[in-house]
Amino acid sequence: MNENFFENVYEVVKLIPEGRVTSYGAIGEYLGSKRSARMVGWAMAASHTLPDVPAHRVVNAKGLLTGKTHFTTPTEMATLLKNEGVNVVDEKIVDFEKHFWNPMLELM
DNA sequence: ACACTGACCACTG
DNA sequence: CCAGTGGCCAGTG
């Protein structure tokens with residue numbers, strides 16, 4: 001296992017508490033590259049094979065469930081979030097700021 | 001080696 | 001508010 005961007009992404013995502021969410025940009029920023037948010041999402045797509053990675057807790061900067069298309073079913077992501085107490089309306093997280101979990105503040 | 005793509009983000013007009 | 005542009009890194013054809 002090489003220690004690379006992917007590993008770090010997985011580590012952070014695994015640490016996201018239940019009922020909390022974060023964004024690709026936040027993770028990328030925590031890893032040192034704010035502009036590498038694309039890669040984070042891309043890493044997620046590759047990591048969705050790992051059961052310990054709650055990908056449904058990772059959304060884009062606007063709180064939109066952009067990654068839902070990569071789930072087994074498009075509704076899976078919203079269902080999981082709602083199941084954890086995160087209200088989702090029209091593929092968007094309600095009170096995104098309240099549920100937002102900043103890795104830089106929690107893991108520093 | 002080159003070009004294109006991607007679960008993105010922020011800025012500018 | 002919406003549209004367009006640049007930037008970031010890695011993988012694939």
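Order of the sequence lines fixes the chain letters, A, B, ..., with proteins taken first and strands second; residue numbering starts at 1 for each chain. All figures in this text were calculated on a predicted structure; none of them were measured in a lab. The figures here come from the full heavy-atom set of this structure, side chains too, leaving out hydrogens, waters and symmetry mates.
Counting heavy atoms from C-beta outward, A/Phe100 and A/Arg20 have side chains that stay 4.5 Å or more apart. Annotation: side chain of A/Ser23 is not in contact with side chain of A/Asn60 (no heavy-atom distance under 4.5 Å). At a threshold of 4.5 Å between non-hydrogen side-chain atoms, the residues A/Thr22 and A/Pro103 count as touching.
A/Glu29 places its CD atom 17 Å from the C1' atom of C/dC9, with the value rounded to the nearest Å. The distance from atom CZ of A/Arg38 to atom C1' of C/dC8 is 7 Å, rounded to the nearest whole Å. Note: CG (A/Leu31) to C1' (B/dC8) measures 14 Å, nearest angstrom. One atom, CZ of A/Phe6, and another, C1' of C/dG11, lie 8 Å apart when rounded to the nearest Å. Residue A/Trp42 contributes atom CH2, which lies 10 Å from atom C1' of B/dT5 at whole-angstrom precision. Regarding A/Asn60, its CG atom lies at a distance of 21 Å from the P atom of C/dC8, rounded to whole Å. Atom CE in A/Met39 sits about 7 Å away from atom P in C/dG11, given to the nearest Å. Spacing between atom CG of A/Leu81 and atom P of B/dA7 amounts to 18 Å, rounded to whole angstrom units.
Contacts of A/Ala55 with the nucleic acid, taken as non-hydrogen atoms under 4.0 Å apart, include base atoms. Residue A/Ser33 is classed as having no contact, given no heavy-atom separation below 4.0 Å to the nucleic acid. At a threshold of 4.0 angstrom between heavy atoms, the contacts of A/Ala61 are confined to the sugar-phosphate backbone, with no base atom among them.
Look at the P atom in both B/dC4 and C/dT5: the space between them is 16 Å, to the nearest Å.
When distances run from any side-chain atom of A/His70 to the nucleotides B/dA7, C/dG7, B/dC9, the shortest one goes to B/dA7. Distances were taken from every side-chain heavy atom of A/Phe71 (C-beta onward) to each of C/dG7, B/dA7, B/dC9; the shortest belongs to B/dA7.
The pairing partner recorded for B/dC8 is C/dG7, the criterion being a Watson-Crick or G-U wobble arrangement whose two distances lie under 3.5 angstrom. With a cut-off of 3.5 Å on both pairing distances, the Watson-Crick or G-U wobble partner of B/dC2 is C/dG13.
Summarising the geometry, atom CE belonging to A/Met104 is positioned 11.5 Å from atom CD belonging to A/Glu106; distances are rounded to the nearest 0.5 Å.
Within the 4.0 Å cut-off from OP1 or OP2 of B/dC8, not a single side-chain nitrogen or oxygen of A/Ser36 is found.
In this structure, A/Tyr24 has its ring center no closer than 6.0 Å to that of A/Trp42.
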